[in-house]
Structures are given as C-alpha cells and as structure tokens.
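Each chain gets a letter, A, B and so on, in the order its sequence line appears, and its residues count up from 1. Reckoned from all heavy atoms, side chains included, excluding hydrogens, waters and symmetry mates.
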Amino acid sequence: MTTKISFRDVVKTYPMREGTFTALDHVSLDIADQEFVTVVGPSGCGKSTLMSMAAGLVEPSAGQVLVDGEPVAGPGPDRGVIFQQYALFPWLTVRKNVEFGLKLADLPAEERRRRAERAIELVGLSDFADALPKTLSGGMKQRCAIARAYAVNPKVLLMDEPFGALDALTRVQLQDQLLHTWSQDQRTVMFITHDVDEAVYLASRVIVMAARPGRVQRIIDVGLPYPRTEEIRLSPEFGRVRNEVWHSVYHQAPAA
Amino acid sequence: MTAISAPQRKTGGGAEGRRPRRSIVLNLVAVVIGLAVWTLLASVGVQGMPGPAEVAARAVELVADGTLAMDALASLRRVLLGFLLGTLLAVPVGFLMGWYATARGLLEPYVQFFRTIPPLAIIPLAIVLMGIGEVPKVFVIFLASFLSSVVATFQGVVDVDKTLINAARVLGASDRTIFLKVVVPASTPFILVGMRVGLGSAWGTLVAAELIAAQEGLGFRMQQAQLYYDLSTIFVGLIAIGVLGLLMDRLLLLAERRLTDWQERR
Ligand SMILES: Nc1ncnc2c1ncn2[C@@H]1O[C@H](COP(=O)(O)OP(=O)(O)O)[C@@H](O)[C@H]1O
Ligand SMILES: [Mg+2]
C-alpha cells in the first residue's frame, strides 16, 4: 500500500504574549492511499490544525507534510475539504455552488453542467439544485458541500467535523452515504470528529489525539469489515473498539 | 431618515416582510393624532404658528407656481451627484483598504479622522476654498457619503467569513477570483447599508449647505422664508425634505432587499 498523506515530525507553534503556544508537538502519521481514517481527541488538541496542513491552508512551523510524496505547497483541487460550517456561498444556488470549482478548472459549460448534475444526484439533492442555501436544512447544506467537493473529483477528502452540527438521524444517513461513495471511488479520507461512535463506524484506523501539547496519543485499528452495516454498529466487536477509543480519549494520561 | 439595521437583521415589518394591517391602521391613527395636536397648538396661538390647513394651502401655491418642484429638483440634483461620486470612489477605496494591509495602514488614519468631523463643519472651509457655487455643496455631500460608504465597504471586506475564503481556496481559486467571486458578493450587504447611511447623511448635509449660500433648493427656500417670518413655507420645506428623504431611503432599501435576498435572516 502506498502512502497518500504523510505528516513527518510536524510542529505547529503560535506566538503568544509570552513565549509560544505549541498546538502540535512532533506529530508523525502516515495515511495510506484509499484509506479511511478518523481523528478524535479533546477540543483544542490540534485536529483542525493537522488537517488544515494537509489542505495547504496552514503551514507547519517545523517538519513536513507530504501528499503523494510531494511537500504540500498551498491548497489545490486534488484535496477536497469539507468544513463543519458548510461554507457554502450563500448567494449561489446549490448548482452554482457545485459548479464553483469546475469553473475554476476551466471546464467547458457542457461538461461542467454534467459533472455538477452527477455530484448533486449522488448526494440526493437533485430536487433542490436551483435552491439557495438559506432554504436548505443543515443536512442538505452539508450534502451540497460534499457535492461541491466531489464535483472536482479530488483524490483526498479532508473533512473537519462535517456532521458535528447535525441531528443524530441525519448524521447516520450521511455516514452511510459517505461510506457508500467511498466504497465505490476509494478516495483517501481523513475525517475529524469528536463523536467516538462515528470515529469507529467510519474508519479502518482511529487516530486518537491528546491536548497540551497536541500530539498523537494512540492509533487504534478498528478491524471491522466493510461495508459497515447497522448490524456491525450494534455488534459486541464494535462495542469493544468503541470502549477502547473512548478510554483513550477520555482517560488520557497528562503529558510527560 | 429611518434607523438603519445591521445587514444581518431585517428592518421593520413582520418576519414575512408584509406589514400586518393592524400596524398600518395604527400608523394612520398616529398621523391623525399628530395633525390634531398640531391644529390645537396652532389654534391656542403659539406665536405665529400656522395650522395644517394653512400649510397645505401654501404647499398648493408652491406646487402651482413650480417653486417647490424647482427647489426639490435642485436639491435632489446636488444630493444625487455628490452621493454618486462619493459612493463610486468609496467602494474601490473600501475594497483596497479591506484587502491590502498597506492600503489600510495608509488610509485608515485619514478616514477615521475625517469621520469624526461632521460634514457640516467642513462647509466654512469649502466655501472659502471653492466659492459659493455648486462645487462646495456637492463636495460636502460627496464627503459625507464617501466617508460612510468607505467605512462600511472596508468593514464588509474585513468581516468576510474566513471559511468562505478557505472554501474557495481549496477549490483552487486564485486571489483575484477570491476577491471577485467571494469578497465582492459577501460584502455587498454591508456596502448597501453604508450607502443608505451615506444617503441619509448626504441629505442632511445638503439642506444645511443650502442654508448658507444658494439661489435655489429646499434649504435656500426655507432660509428665505425665515427672513419674512413665512412659517408656512418653512413647514412645506420641512415636510418636503422628510418625504423625499424617506422615499430615497425606501428605494435603497428595496434595492438592498433585492440584491441581498440570499442572506439568511433570523
Ligand atoms: N491562528 C491561531 N493562533 C493562535 N492559536 C491558534 C490558532 N489556531 C489554532 N490555535 C490554537 O491551537 C490549538 C489547536 O487548535 P485546533 O486545531 O483548532 O484544535 P481542534 O480542532 O482539535 O479543536 C487550540 O488551542 C487553538 O486555540
Ligand atoms: Mg477543530
């Protein structure tokens, strides 16, 4: 298996009034091509910072972030990012939002329309293609954001607590939909969440992080087969992994 | 001019936009009571105070001989010219200040300083430097609308949601695209609110500028009337100023609603 995303000894510090604040302290992590990993940890442990580095939105203070063996130099359409706050352009319809990235890629109008259509259909928003974001529910907004990312066909999906603001039911639907799409196109997914159940249900590996300073605490292999089903979600094996993740998130030893 | 709401909030009316009939009835009742109180004050003999009937009669005269239309047009022409020039310059300058830290550093001290000076206070200087023709009047209005629009535009650019910018960047947008496709539309609501404030302060400034030196205009007419204790004409002038100001504000509000219909309103 080839490595898709590689964090090597990554440090991120922010200047403070006195001294510096260490948001990430020597984080090393490899994510394999076509792998689905989730990242959990207490808030402030640097999950978003880590992901933003892979996205090219934040630069490491030290160390390297590689995608396909190349150091990340800024954002690019090969890495799709999905934000918790949806980040839809509120003045554009669903279709125009989805076409945004395609226009930047200079695709001809015909092709653009086709690909947007397909992405919108994939997330089940066809009936709302011409609606403005303000008329959509939270779940539909996030579907639209996902369609916008899918449309440019990125090799990597970086998702920062994308379902964090949604109700439990919608959340489960979107999880299943995400896994279904992933099983077909096998993109590499780095998915941040604060929900232990979600972390275990989606991932083949769960990265547990710790705070102050932000670091990788443990990496837990889920070891459950795909496709994930309700049966798996309710199985004793799932429960065991869930307990293990829970423990390492909520009973973290203080930093040495 | 009516109060200006923050761009996120909705002005007046119910959540559905339409005013309920009840509130219109109450508005009418308020107007009738106001007229009654006015009539009462005039009839108990507040020194020289004309009643509504007298003022209405004077208004009819002023409309009939074309004076009111001429004055209103003169005032509107000045205001619209100054307002257009001010806004036209304010929007690019505001964008520049919001987008480039260097431009902000250079321009902000001036903008913030001149903003604290009421435009009216500039009138003496403008008259000395530019004479008593149209130029100083238009200039003062220009300044008033420029200052409020520039601050609103600049604030709008600074306040653009960073996640929207990041969302565009990760889709491959260049700085230029981000500016044109994200920053400009996202700050439109702020700009329109700034324009409304600007128009309000332009209108107020204009009338005062006309009080000082003019040959026509609503402010000039009231100034003349003052010399002859012609209170009815002053009242007509005041009402015309109020009505025109309200109309312009409503027009801009309408444009604002149209152009920013995409906003989530809570
Ligand atoms: N631009 C910044 N300046 C200063 N501190 C920051 C900045 N961005 C993030 N931090 C700090 O870094 C830490 C990690 O942030 P973040 O990656 O958002 O954590 P998480 O996503 O796990 O909640 C937090 O303590 C946060 O306050
Ligand atoms: Mg976060």
Proximity breakdown for L92(A) and chain B, heavy-atom pairs closer than 4.5 Å: neither

Region of F83(A) that comes under 4.5 Å of a non-hydrogen atom in chain B: side chain

Student check: side-chain heavy atoms of L104(A) and T177(B) closer than 4.5 Å: yes

side-chain contact (heavy atoms from CB on, under 4.5 Å) between K181(B) and F100(A), worked out: CA-CA 9 Å; K181(B) 300 287 177 187; F100(A) 191 92; 3.9 Å; yes

Options P77(A), A87(A), P133(A), P90(A), ranked by heavy-atom pairs under 4.5 Å with chain B, top entry: P90(A)

R8(A), CZ atom: more than 12 neighbouring heavy atoms under 6.0 Å: no

Atom CD of Q186(A) with >12 non-hydrogen neighbours under 6.0 angstrom: yes

Between CG on residue L164(B) and CD on residue Q85(A), distance to nearest 0.5 Å: 9.5 Å

Close side-chain approach of W262(B) to T135(A), heavy-atom, < 4.5 Å: no

Side-chain touch N166(B)/P75(A), heavy atoms, less than 4.5 angstrom: no

Closest-packed option against chain A by number of heavy-atom pairs under 4.5 Å, given A168(B), S174(B), P185(B): P185(B)

Reference residue V170(B); test side chain to side chain contact (heavy atoms under 4.5 Å, CB included); the match among I82(A), V152(A), V81(A): V81(A)

Winner by heavy-atom pair count (cut-off under 4.5 Å) against chain A, out of D261(B), V182(B), D161(B), I165(B): V182(B)

Over 12 foreign heavy atoms within 6.0 Å of CD, Q184(A): yes

